[in-house]
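Some notes on the structure that comes next.
Residue numbering restarts at 1 for every chain, and letters A, B, ... go by the order of the sequence lines.
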There are 2 protein chains.
Amino acid sequence: MNNLKLISEYQSFGGKLGFYSHPSSTCNGEMRFAVYQPPQAAEKPLPVLYFLSGLTCTEENFMAKAGAQRYAAEYGLILVAPDTSPRNTGIAGEDDEWDFGTGAGFYVDATEKPWRSHYQMYSYIVQELPALIAANFPIQPEKQGIFGHSMGGHGALVCALRNPHIFKSVSAFAPIVAPIGCPWGQKAFSRYLGNNQASWLAYDASELVKQLGYHSQILIDQGTSDKFLTEQLLTDVFAQACKAVNQPLNLRYQAGYDHSYYFIASFIADHLRHHAISLEKL
Amino acid sequence: MNNLKLISEYQSFGGKLGFYSHPSSTCNGEMRFAVYQPPQAAEKPLPVLYFLSGLTCTEENFMAKAGAQRYAAEYGLILVAPDTSPRNTGIAGEDDEWDFGTGAGFYVDATEKPWRSHYQMYSYIVQELPALIAANFPIQPEKQGIFGHSMGGHGALVCALRNPHIFKSVSAFAPIVAPIGCPWGQKAFSRYLGNNQASWLAYDASELVKQLGYHSQILIDQGTSDKFLTEQLLTDVFAQACKAVNQPLNLRYQAGYDHSYYFIASFIADHLRHHAISLEKL
């Protein structure tokens with residue numbers, strides 16, 4: 001494998017889960033990700049599903065807590081979970097805040113100093129990572145889907161809306177759907193992208209869906225007891241945007257659920273099924 | 001709820017997962033545990049299944065990583081996961097070692113100073129905790145099962161073998177089955193129980209099964225790539241002991257699996273099904 005380093009490997013649901021690092025040209029340093037290969041991967045190329053995690057997460061949280069491997073093994077999907085940001089870049093203050101810098105790359109290509117020298121997560125997710133996966137794992141490059149949680153739900157929606165030819169299916173758990181209108185997004189975008197808010201629009205799912213639409217139904221699960229719902233996630237802004245352009249959206253408000261992985265695990269089966277159907281595995 | 005303090009609560013697979021603390025008379029201090037109540041618990045009393053975790057774990061690991069809630073909700077089982085030891089006891093050096101003291105109670109009643117004033121995990125698991133659960137949750141006290149992982153697999157086997165009237169079913173993932181013959185067990189038992197090795201026999205599953213047997217089949221899953229298999233777990237000692245007394249044992253060596261929660265999650269469905277059948281839910 002070209003420049004890929006296997007850090008650890010686990011047998012899981014008859015397949016194998018590996019944690020890898022590699023030198024990223026896009027992010028100008030070492031990046032990490034996890035790949036789950038179901039049993040079917042030993043025999044033939046399979047569709048691949050990318051999961052983008054939320055604030056503070058690494059490439060591990062999803063694989064350890066979401067319970068997705070069971071369904072990936074059932075449907076024959078390869079799962080890829082990248083880290084949420086570059087790390088150890090040497091940028092002063094990168095570790096100082098939980099919602100900015102390390103663990104909080106927000107899946108944008110930073111244009112502002114000092115972040116722009118490493119924080120190129122958008123290009124990493126839509127270009128470098130898929131190429132690396134295609135070169136090293138038995139995937140079907142024409143069958144790729146993407147989903148995510150919170151900040152990663154934002155990332156998944158943005159990456160899919162802007163690249164429908166790459167990502168043939170998309171879903172999200174409790175996504176930040178209107179970052180230009182919420183404190184997390186405004187903080188991150190002003191420092192990664194600068195104060196010209198015109199540049200922010202390319203990373204706002206609610207703006208993008210109105211401009212671009214998406215070729216198939218979008219699935220979103222959102223807990224009603226999620227403490228971030230009204231201030232940060234702004235789910236209804238995206239629902240209204242989809243409605244305005246007749247974008248098919250399956251938005252499910254799940255009564256009593258919060259923002260945690262216990263929420264994700266409860267509905268992960270439905271998301272893998274959504275992608276399996278879209279990627280023609282069902 | 002008498003003296004129970006709810007620390008946090010999460011909706012999960014249609015039921016609720018709560019983390020609790022309470023003043024334990026047995027352990028002479030605060031103890032913590034987690035309880036998952038499936039949706040059916042809102043309507044009627046249900047069987048209860050205790051999971052004992054391994055070295056370094058708390059009451060959280062199993063609930064976050066094993067993926068058991070899905071099957072508990074399917075079968076109608078309440079899950080209880082206690083912490084693995086007392087904490088913050090004030091005993092000098094309690095936090096110094098990962099395989100002794102905090103996080104490593106080994107499910108014994110310590111007889112040696114200074115541990116005996118708090119480390120009474122055996123009595124806590126077989127007496128105080130079940131009474132507390134019965135008083136505060138909608139359980140069927142005549143339908144209780146127990147299982148665990150590694151040190152907790154040892155604990156589950158010992159608790160069930162010595163109390164078959166309380167625990168009507170038992171299973172384990174990668175259990176320490178012959179602690180008197182392995183370094184982890186010898187270290188813990190010598191310091192909790194003293195150097196009279198006769199007192200150790202009451203906490204050795206391989207000895208107990210020969211003396212006491214068990215009223216129903218025991219299920220054990222063991223990964224063949226588990227790095228602790230040959231030095232610490234000694235699975236074959238238990239298999240031989242069961243064979244010697246014709247104890248029904250379903251020991252499954254799982255090729256390529258290690259000692260992690262990725263192993264547990266891969267086979268958790270079979271374990272919940274084993275208990276559901278024994279506890280007459282299937």
A:Ala255 portion near chain B, given a 4.5 angstrom heavy-atom threshold: backbone
Interchain contact, A:Ser12 with chain B, by part (heavy-atom threshold 4.5 Å): both
Proximal component of B:Tyr261, with respect to chain A [non-hydrogen, under 4.5 Å]: neither
Flag, side chain of A:Tyr257 to backbone of B:Gly14, donor-acceptor distance under 3.5 Å: yes
Closest non-hydrogen atom pair between B:Ser266 and A:Phe13, with its separation: OG-N, 2.7 Å
Contact summary for B:Gln11 and A:Tyr262, nearest pair of heavy atoms: O-CB, 4.0 Å
Heavy-atom pairs under 4.5 Å with chain A, option from B:Ala269, B:Gly223, B:Gly67, B:Ala265 with the top count: B:Ala265
Winner by heavy-atom pair count (cut-off under 4.5 Å) against chain A, out of B:Ala66, B:Ala73, B:Gly256: B:Gly256
Most contacts with chain B, counted as non-hydrogen pairs under 4.5 angstrom, among A:Gln254, A:Gln69, A:Met63: A:Met63
